[in-house]
Amino acid sequence: MLGKYRYSKKGEYITLAVMAGIMLVFNILTKRLADDYEYFFSFATGEPITSLGELIDSIVMHGRYLNGRYFSHFFAQLFLSLPDIFFDIVNSAVFMLTVYIPYRVARRGACDNFLLVGIFSAIWLFEWDFGQINLWCDGACNYLFALLFGLLFILPYIRFFNTGRAPHPLAVLLHLPVSVLLGGWLEPVSVGFIASAVFFVLADLIFFKNRRALIFVPSILCGLFGFAIMAFAPAQLTNKLSDFSFINMLATLGVALLIVASSFPLIILYLKLLRRAKDERADSRTVLSSVIIALGALAGNFVMVFAKYYALRCSVAYVFMLIFAVAMLFGGVENTEFGTPSRKIYKLFAVATALALVIGLADNVATFVRITENEEIIAEARESGESDVTLRSPVAFTKYNAKLGIKYLDSESPEIWPNRSFARYHGIDSVVGVSPIRELLVEWGLEDLLELEFLRELGFI
């Protein structure tokens, strides 16, 4: 049964449709949160954005006071000025492309549904802060979209390295703006993919004496130019760059090592596939391509040592590129027939993903219901002339919920972020949140726990 499904073209279409449907449902269930309310308004005028000119002015001001991610926040503010369904559809499509492109690169035959499901499942199981990366509007425009541009950037390098067929000069020219966008999108993703690009060119020059690889040098330079646009924005150096103190760099290094340790099942699988590739004498270029992508993953992870802090969602570069590397190696090994132990592992993997989907769906439905009820309370308050509203904050429990780790509303002051922008967005004077967990801690006489910073960071209180 599994063997028949694995190579079924019809099964591939059905699998892709199911994946796309899952992502659309999760996107629809994820409402605007935190930064989304801030980015709804122009940073230049403080008013809702109604034109392209106003959007550009806002992004320029954003670079002066917040950070240099001009490109990603351009899209965030664009989508936030439109009805939510536009973002839901586009974002679902972007996620599917980040699954399908690695699948097409890695597969060797007409189709391989084990590989397709494996990539999808690995992203669900191993990606930190899944909801913030893939479902939250501001987060997805930063992190998920970065992966798509990273793939579009690196594809010509992989194709040339594996086939030796140089791209058409027009394709090289069109690739340059993609390189600029990738370079200026998101620090770890930009570094990871640009590092891989450099390794591809060096490998062609050193191991295969192929000087035609130099055709990609302008692309790399454009990527570095885009990175410079982001890195040297006025607010970037202040808000994102490390102060290079020993304690700060040790802390970010610790997080980077934690990220690597958390991916040990993928690392073990990768090493096993490397051994199999050696035993079966797999194509050396395919194996080397996979190694180069894995090295890019490490570069994207450890560059965060130079950041002021390492938010877990920034690990998206490392996790995704490692999954990509594993997929490339899996597809490059000719003898991929599954024996009994491998079938059991594959089934266990599938069951774990299905369980994660069910739990994540339940968590998102509960948050969706709570936020919808809050919107109804706000609407009723406006109709009755009330200007100050108190709302119960939803509580998230899984990484598949974008709310986990994000403050919905502050419970102490209507003037603290994100309450002011939330209130203004909904057309009321002020709002404060009531945390159910905070209420329980007070009721149980555990007020001291309210001082725990990690509970605040996770958005529980």
Side-chain angles (χ1 to χ4, degrees), residues 26-43 45-50 58 66 76-77 79-88 131-132 135-139 362-398 401-444 446-447 449-453 455-461:
F26 272 81
N27 270 282
I28 291 173
L29 289 174
T30 304
K31 297 210 168 201
R32 298 185 179 189
L33 293 166
D35 289 355
D36 292 343
Y37 298 113
E38 197 81 24
Y39 282 93
F40 176 78
F41 300 101
S42 168
F43 289 98
T45 65
E47 300 297 324
I49 296 172
T50 59
S58 176
L66 291 176
Q77 292 207 284
F79 282 116
L80 289 168
S81 67
L82 301 171
D84 288 348
I85 191 62
F86 286 95
F87 172 75
D88 295 336
Q132 292 183 29
L135 304 173
W136 177 35
C137 183
D138 183 58
D363 193 17
N364 274 275
V365 167
T367 300
F368 177 84
V369 170
R370 167 55 61 190
I371 294 177
T372 301
E373 290 174 348
N374 286 345
E375 290 173 348
E376 293 173 353
I377 292 172
I378 292 171
E380 292 173 0
R382 285 200 306 264
E383 290 179 3
S384 62
E386 297 178 30
S387 57
D388 304 311
V389 179
T390 299
L391 301 173
R392 292 183 67 82
S393 298
V395 178
F397 297 98
T398 71
N401 191 328
K403 168 65 181 64
L404 185 70
I406 295 179
K407 183 192 292 186
Y408 178 70
L409 286 172
D410 189 80
S411 58
E412 297 179 354
S413 170
E415 297 301 316
I416 296 178
W417 177 90
N419 295 31
R420 282 191 298 177
S421 56
F422 181 98
R424 190 174 177 212
Y425 175 86
H426 287 287
I428 53 179
D429 289 344
S430 70
V431 62
V432 291
V434 176
S435 168
I437 293 181
R438 174 185 284 269
E439 289 182 325
L440 284 175
L441 293 177
V442 172
E443 182 181 341
W444 295 341
L446 300 174
E447 292 91 340
L449 294 180
L450 297 176
E451 302 301 321
L452 294 177
E453 187 63 29
L455 289 178
R456 294 179 181 274
E457 291 294 328
L458 291 175
F460 286 141
I461 58 176

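The figures here come from the full heavy-atom set of this structure, side chains too, leaving out hydrogens, waters and symmetry mates.
Among all heavy-atom pairs drawn from A402 and T30, the shortest one is CB-CG2, 3.9 Å. Here the closest heavy-atom approach between residue D410 and residue W417 is recorded as CB-O, 4.2 Å. Between A76 and C137, the shortest heavy-atom distance links the atoms O-SG, 4.3 Å. The nearest pair of heavy atoms linking I378 to F422 is CD1-CE2, 3.8 Å. Taking every heavy atom of both residues into account, P394 and K403 meet most closely at O-CE, 3.4 Å. Of all non-hydrogen atoms in L29 and V365, the two that sit nearest each other are CD1-CG2, 3.9 Å.
Note on ring orientation: taking the six-membered ring where Trp is involved, the planes of F43 and Y39 are perpendicular (angle over 60°, cut-offs 30° and 60°).
For the atom pair CZ (F86) and CG (D84), the distance works out to 10.5 Å, reported to the nearest 0.5 Å. Within the model, atoms CD1 of I377 and CZ of R392 stand 9.5 Å from one another, a figure rounded to the nearest 0.5 Å. Atoms CD1 and CZ, from I371 and R32 in turn, are 12.5 Å apart once rounded to the nearest 0.5 Å. Taken from CD1 in I428 to OG in S387, the straight-line distance is 8.5 Å, to the nearest 0.5 Å.
We find that K31 and E375 are joined by a salt bridge, their nearest charged nitrogen and carboxylate oxygen being less than 4.0 Å apart.
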Go through the steps for V432 and N419 under the test side-chain contact (heavy atoms from CB on, under 4.5 Å), then give the verdict.
-> CA-CA 7 Å; V432 291; N419 295 31; 4.2 Å; yes

Run the side-chain contact (heavy atoms from CB on, under 4.5 Å) check on S58 and Q77 step by step: do they pass?
-> CA-CA 9 Å; S58 176; Q77 292 207 284; 2.7 Å; yes

N374 vs Y408, side-chain contact (heavy atoms from CB on, under 4.5 Å): CA-CA, chis, key distance, verdict | CA-CA 11 Å; N374 286 345; Y408 178 70; 3.1 Å; yes

Could you walk me through whether I49 and L80 pass the side-chain contact (heavy atoms from CB on, under 4.5 Å) test, one step at a time?
-> CA-CA 9 Å; I49 296 172; L80 289 168; over 6 Å; no

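R420 CZ: 12 or fewer foreign heavy atoms inside a 6.0 Å radius.
Under 3.5 Å, the side chains of W136 and D36 contain a donor-acceptor pair of N or O atoms.
Not one N or O on the side chain of D363 forms a donor-acceptor pair closer than 3.5 Å with the backbone of N401. A donor-acceptor pair is defined here as one N or O able to donate and one able to accept, closer than 3.5 Å; no such pair exists between the side chain of D138 and the backbone of D35.
Using a 4.5 Å heavy-atom threshold, the side chains of N364 and F26 count as touching. By the 4.5 Å heavy-atom criterion applied to side chains, T367 and V369 are not counted as neighbours. Contact annotation: the side chain of F40 approaches that of P48 to within less than 4.5 Å [non-hydrogen atoms, C-beta and beyond]. You'll find the side chain of T390 stays beyond 4.5 Å of the side chain of V431, heavy atoms only.
F41 carries R424 over the face of its six-membered ring, with the cationic atom under 6.0 Å from the centre and within 45° of the normal.
Taking S421 as the reference, Y37, E38, P418 meet the side-chain contact (heavy atoms from CB on, under 4.5 Å) condition, with sequence neighbours excluded.
The salt bridge (charged side-chain N to carboxylate O under 4.0 Å, His left out) pairs that include a residue from residues 376-391 number zero, where partners must be two or more places apart or lie in different chains.
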